[in-house]
Number of protein chains: 2
Amino acid sequence: MATLGDLERSVMEILWTDGEKLSAYDLQTRLADAGSTKLAPTTVLTVLTRLENKGFVARDRSSRPHVFFAAASREDHMAELMHEVLGAASDREAVLARFVGQVSPDEAETLRRLLSGR
Amino acid sequence: MATLGDLERSVMEILWTDGEKLSAYDLQTRLADAGSTKLAPTTVLTVLTRLENKGFVARDRSSRPHVFFAAASREDHMAELMHEVLGAASDREAVLARFVGQVSPDEAETLRRLLSGR
DNA sequence: AAAAACTTCTACACGACGTAGAAATAAGTT
DNA sequence: AACTTATTTCTACGTCGTGTAGAAGTTTTT
């Protein structure tokens, strides 16, 4: 599966949190606001292109400048990651047992509710 | 969190599956059996040392040669990974909802059972 | 003490990622 | 249409993690 570098992750955080379609220039600004030094526009474009190739973001080429947005919500992405981990296990039940064994009581309750279809 | 390269992962698979304490020479043999070309003993030692630094394996220095073993079971490791993913989420419930929404019916049943403390 | 076995140190190539200038292309102006 | 400006794509380089292993150092055996 694809992994994310620090800058790539920062970009995804912005796209996931914001939810809107953003241009590379928008992202450049948000990244600068979020602390790090102001990156060159080409840098942001490069990262976005890499994220596009990895399937994390989609690009609308009809807009000028191009706008980018997350291909999946952060929650979907994380759930997917969890399934990915689980999918690599030979003894899935053992993994699940450990997993639920470590959740807090309220979270266990949440899980029960979610599983009861209510 | 620490990530694993291909060779590192192969070594962990062996240690996890085998469960025994193995020397670098043992591992050299197992790796060779498992397909890849026969690695130099120092290569195996280097990888084991790196895995030790990452906390994935522990080493018994009293044995000669040193023997290595997984610091945590594969299941524990994977459950830990899942928690790690979940821990990074702001809306944990949303992630869990997606997660359980995608499990198979039998696995959902398994989860219910595990959560009911039975 | 010398040899053999084992461990640690050092090193290098390669791919991923952060970073961005140069080159190419498209859009807007005069 | 020619020129200027905005935008995108191409190319590149440094760094870090990882696969790989020889050289050097240490411990054990003979």
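Sequence lines set the chain letters: A, B, ... in the order given, protein chains first and strands last, and positions in each chain run from 1.
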*Answer yes or no: is there a donor N or O on one side and an acceptor on the other, between the side chain of A/Q28 and the main chain of A/L39, under 3.5 Å?*
yes
Distance, rounded to the nearest Å, where [X] contributes [atom1] and [N] contributes [atom2]:
X     : N      : atom1 : atom2 : result
B/L7  : D/dG17 : CG    : C1'   : 13 Å
B/E8  : D/dG17 : CD    : C1'   : 8 Å
B/Q28 : C/dA5  : CD    : P     : 14 Å
B/R59 : C/dT7  : CZ    : C1'   : 8 Å
A/D26 : D/dT7  : CG    : P     : 11 Å
B/L27 : C/dT7  : CG    : P     : 12 Å
B/L45 : D/dA21 : CG    : P     : 13 Å
B/H66 : C/dA5  : NE2   : C1'   : 12 Å

*Flag yes if A/V67 and A/L48 sit in one hydrophobic cluster, no otherwise; membership is Ile, Leu, Val, Met, Phe, Trp, Tyr, and two members link when side-chain heavy atoms are under 4.5 Å apart.*
no
*Can you figure out which of D/dA21, C/dT19, C/dA26 approaches the side chain of B/A40 most closely?*
D/dA21
_Given C/dA27, C/dT7, C/dG21, the nucleotide with the shortest approach to the side chain of B/P65_ = C/dT7
Do [X] and [Y] get their side chains close enough for a donor-acceptor pair, meaning under 3.5 Å?
X      : Y      : result
B/R112 : A/S116 : no
A/D26  : A/S23  : yes
B/S10  : B/R30  : no

*OP1 or OP2 of D/dT9 sitting under 4.0 Å from any side-chain N/O of A/R61?*
yes
*OP1, OP2 of D/dT20 versus side-chain N and O of B/T43: anything below 4.0 Å?*
no
*For A/K54, answer base if it contacts any base atom (sugar-phosphate contacts may also be present), sugar-phosphate if it contacts only those atoms, and nothing otherwise; contact means non-hydrogen atoms under 4.0 Å.*
sugar-phosphate
*Looking at every strand, decide which applies to A/R9 at a 4.0 Å heavy-atom threshold: base, sugar-phosphate, or nothing.*
nothing
*Specify the residue among A/T46 and B/P41 whose closest nucleotide of DNA chain C lies further upstream toward the 5′ end.*
B/P41
*Checking only heavy atoms, does the side chain of A/R50 share a donor-acceptor pair with the base of C/dG18 at less than 3.5 Å?*
yes
*Taking atom types as they are modelled, is there a donor-acceptor pair under 3.5 Å from the base of C/dA16 to the side chain of A/T3?*
no
